[in-house]
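The structure appears below as structure tokens.
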There are 2 protein chains.
Amino acid sequence: MKLSLRGEYALRALLVLGLHYNEPVVRIQTISQQQNIPKRFLEQILNDLKSAGLVQSKRGVSGGYRLARKPEEITLAAVVRHIEGALAPVSCVSERYYEKCSCPDESRCAIRSVMKEIRDAVVKIAERVTIAELCERYERLQTHPTVALDYVI
Amino acid sequence: MKLSLRGEYALRALLVLGLHYNEPVVRIQTISQQQNIPKRFLEQILNDLKSAGLVQSKRGVSGGYRLARKPEEITLAAVVRHIEGALAPVSCVSERYYEKCSCPDESRCAIRSVMKEIRDAVVKIAERVTIAELCERYERLQTHPTVALDYVI
DNA sequence: CAATAACTCGATTGACATAGTCGAGATTTT
DNA sequence: AAAATCTCGACTATGTCAATCGAGTTATTG
């Protein structure tokens, strides 16, 4: 039930790009340093996000990356789906990465019905939250430093 | 964000044991055949569930496995946590498998705050659903065969 | 126009996890 | 005593994860 480091790094990088959306580009190195992400690894990830159409790049001196779309148009779900694949805990309840499972009768599988609930709960959140919202949350968390994460609902 | 096959098999096996809760024991082979789970692999898994105190075993002819507790007392969460570890998508929001993450300021991490929401949504379901409920769902799905899973909310 | 600072792309690697498989042994029933 | 069953640890093949590396391409800038 886990997000890989790769996926986490992708989100962190996109958050940085969202926060700097007004600037022309942000360099890999900047992101790498700010977020403690190995540079060479981040390279790969950003390239991957580029091929997904989530990010644009500019080469050469004063090159770097920027979001390919508005922050409000990039959902968590889209990012994670591209990096990790299915959001569903088992692929027999995944809408876009469906795979048949080995259980005797998938259409009447009790476990599947629960997994579908879990999937829906996760997807509901991941499709609602965008990079823009991550940026808002970031600002809010910076501005109200006393409000610890654990008190946020 | 995925459950391993191992975890899925564990749930399927426990469901079978739940359905046969009135019987003294169920043999590995029976479960293996009913659920299309490789026998030798299932052996391992049941042994693991035994060490978790979820299952009891009896050796010898007419031996087998049974639930160590009432079906209502075994939650999905307990099973998955024992087989897979954290239910949280990233371990920095896990309550019992917490690990520090590499982000600059965990206490004000925007991504973390979303991940916590996802974790809570998953945990809420997984802690509410028990083997007993899986059994009920199973019966319901058997009895009302026309009601496809996809129409169930 | 040359130096430099970026991104690009594919290959490689080491560690670890996953999904099994296997063999030999211990227990219990009949 | 024989047979069926669980037990336990070891083993293996494959794949994924998290990087790392080298060589190349592109664009700026002095």
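This structure is a prediction, so every number in the text was calculated from the model and none was measured. Just so we're on the same page: letters track the sequence lines, and every chain starts at 1.
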How many Å lie between [atom1] on [X] and [atom2] on [N], as a whole number?
| X | N | atom1 | atom2 | answer |
| --- | --- | --- | --- | --- |
| A:Gln29 | C:dC7 | CD | P | 9 Å |
| B:Glu8 | C:dA19 | CD | C1' | 13 Å |
| B:Leu46 | D:dC8 | CG | P | 13 Å |
| B:Ile37 | C:dT18 | CD1 | C1' | 16 Å |
| A:Ile45 | C:dT8 | CD1 | P | 14 Å |
| B:Phe41 | C:dG23 | CZ | C1' | 19 Å |
| B:Arg59 | D:dT7 | CZ | P | 6 Å |
| A:Lys2 | C:dA17 | NZ | P | 12 Å |

Between the side-chain atoms of B:Arg6 and the base atoms of C:dG20, is any donor-acceptor pair under 3.5 Å? no

Side chain A:Gln44 and base D:dT20 donor-acceptor under 3.5 Å: yes

With respect to the phosphate group of C:dA6, does any side-chain polar atom (N or O) of A:Arg27 fall under 4.0 Å of OP1 or OP2? yes

Kindly say if A:Tyr9 contacts the phosphate of D:dA19, meaning a side-chain N or O under 4.0 Å from OP1 or OP2. yes

Considering only D:dT7, D:dT20, C:dC7, which nucleotide approaches the side chain of B:Tyr65 most closely? D:dT7

Minimum-distance nucleotide (side-chain atoms of B:Asn47 versus D:dC8, D:dT20, C:dT29): D:dC8

Are [X] and [Y] ion-paired here, with the side-chain N under 4.0 Å from a carboxylate O?
| X | Y | answer |
| --- | --- | --- |
| B:Lys116 | B:Glu95 | yes |
| A:Glu117 | B:Arg137 | yes |
| A:Arg12 | A:Glu8 | yes |

Test item: A:Val90 and B:Lys2 side chains (from C-beta on) under 4.5 Å apart, heavy atoms: no

Residue mapping more 5' on DNA chain C - nearest nucleotide basis, B:Gly7 or B:Gly60: B:Gly7

Taking for each residue the nucleotide of DNA chain D bearing the nearest heavy atom, is the 5' side occupied by B:Ser57 or by A:Lys58? B:Ser57

When A:Glu84 and A:Leu42 are each assigned the nearest nucleotide of DNA chain D, the 5'-most assignment goes to A:Glu84

Could you check whether B:Lys50 gets within reach of a base, just the sugar-phosphate, or nothing at all, counting any heavy atom under 4.0 Å? sugar-phosphate

Worked verdict on B:Ser4 versus B:Glu84 for side-chain hydrogen bond (donor to acceptor under 3.5 Å, both in side chains): CA-CA 7 Å; B:Ser4 68; B:Glu84 310 269 327; 2.4 Å; yes

